[in-house]
Amino acid sequence: MKIIDVNERNIDNEHICCAITDKKGENCVASKKEWMRDRFSDGLVFKKLDARGKVFIEYIPAERAWAPIDADGYMYINCLWVSGRYQGQGYANALLAQCISDSKAKGKDGLVILSSDKKRPFLSDSRFLKHKGFAVCDKSEPYFQLLYLPFREEALPPRFKACCRAGRIDEKGIVLYYANQCPFTEKYAPLDRRYRRGQGRGIFTA
């Protein structure tokens, strides 16, 4: 099987390998695709296995990434995911290799990705990334790690922005910021909003 690019020309016809596999997730997939259409002009790249499975990598220039980091000149990996029967067949290596090749061709200083101190279902596995040469360049509470793979020795390591180190905001109550970059949010953000309103837990903005 080959790896293909999902872009403006084929996004309507391609399966985007999202996490939601039942019929109830169709609206979430549509929202994700709409988000992708808006981001292609920012340099978003989505590569996937030419199969109907969860085998893909999504990345974007760090200056355009929706992440609280300072990483000018780097390519930010939004998500690298290989699951199910496709695990253990070298697809993660192939996807990462294509990302590295593409990023070097675009003159980037390296790759950067958000991970954590141990394997978590919503973040890329730091053990795999470190095995591939990534190193921790910054940390943020309670368990977040910023990993990078520089292409040049003189490249400055990326850093978390100061605004995300303390885990606090100036607004009162509970404030949730989200986008359809991840299809999960289309389903769970409204559910969380209704729950917290029912519990009388103060202001909730979404």
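What you see is a predicted model; the values in this text were computed from it and never measured.
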Look only at the side chain of Lys48 and the backbone of His15, and say whether a donor-acceptor pair between them is shorter than 3.5 Å.
-> yes

- Task: Decide if atom CZ of Arg127 counts as having more than 12 heavy atoms of other residues, nucleotides or ligands within a radius under 6.0 Å.
- Result: no

- Message: Quick one: does any side-chain atom of Lys33 pair with a main-chain N or O of Glu14 as donor and acceptor, under 3.5 Å?
- Response: yes

Notebook entry, point to check: Could you go step by step and tell me if Arg39 and Glu58 meet the salt bridge (Lys or Arg N to Asp or Glu O under 4.0 Å) rule?
Noted result: CA-CA 11 Å; Arg39 302 280 78 78; Glu58 177 185 305; over 6 Å; no

**Prompt:** So does Arg85 have more than 12 non-hydrogen atoms from other groups sitting under 6.0 Å from CZ?
**Reply:** no

Looking at Asp42 and Leu44, would you say the former's side chain and the latter's main chain have a donor-acceptor pair under 3.5 Å? no

Query - Asn180 side chain to Ala30 backbone, donor-acceptor under 3.5 Å - result: no

Query raised in the report: Is it true that a side-chain atom of Ser124 and a backbone atom of Leu129 form a donor plus acceptor pair closer than 3.5 Å?
Result: no

Closest non-hydrogen atoms of Tyr76 and Ala65, given as atom of the first, atom of the second and distance, are CD2-CB, 3.6 Å

dist Lys130:NZ -> Asp125:CG (nearest 0.5 Å) comes out at 9.5 Å

The side chain to side chain donor-acceptor pair (under 3.5 Å) partners of Glu8 (sequence neighbours excluded) come to none

- Can you tell me if CZ on Arg120 sees more than 12 non-hydrogen neighbours from other groups inside 6.0 Å? yes

Would you be so kind as to tabulate the donor-acceptor pairs closer than 3.5 Å made by side chains of residues 91-101, with sequence neighbours excluded?
{"residue": "Asn93", "atom": "OD1", "partner": "Lys132", "partner atom": "NZ", "Å": "3.2"}
{"residue": "Gln98", "atom": "OE1", "partner": "Lys47", "partner atom": "NZ", "Å": "3.4"}

The reported gap from CZ in Phe144 to CG in Leu123 (rounded to nearest 0.5 angstrom) is 6.0 Å

Go through the side-chain N and O atoms of Asn78 and Gln181 and say whether any donor and acceptor fall under 3.5 Å apart. yes

For Leu156, does its backbone N or O pair with a side-chain atom of Tyr74 as donor and acceptor, under 3.5 Å? yes

Across all chains, not counting sequence neighbours, the side chain to side chain donor-acceptor pair (under 3.5 Å) partners of Arg159 are none

Within a reach of under 6.0 Å around NZ of Lys139, are more than 12 heavy atoms found that belong to other residues, nucleotides or ligands? no

message = Is it true that, when you exclude Glu154 itself, more than 12 heavy atoms of the residues, nucleotides or ligands shown sit nearer than 6.0 Å to its CD?
response = yes

Rounded to the nearest 0.5 angstrom, the SG-CH2 distance for Cys182 and Trp35 is 10.0 Å

Leu146 backbone acceptor or donor facing Asp138 side chain under 3.5 Å
no

Can you hop from Ile4 to Phe56 via hydrophobic side chains spaced under 4.5 Å?
no

Rounding to 0.5 Å, atoms CD1 (Ile77) and CD1 (Ile60) come to a distance of 12.5 Å

Quiz prompt | Student check: side-chain heavy atoms of Phe151 and Asp109 closer than 4.5 Å | solution = no

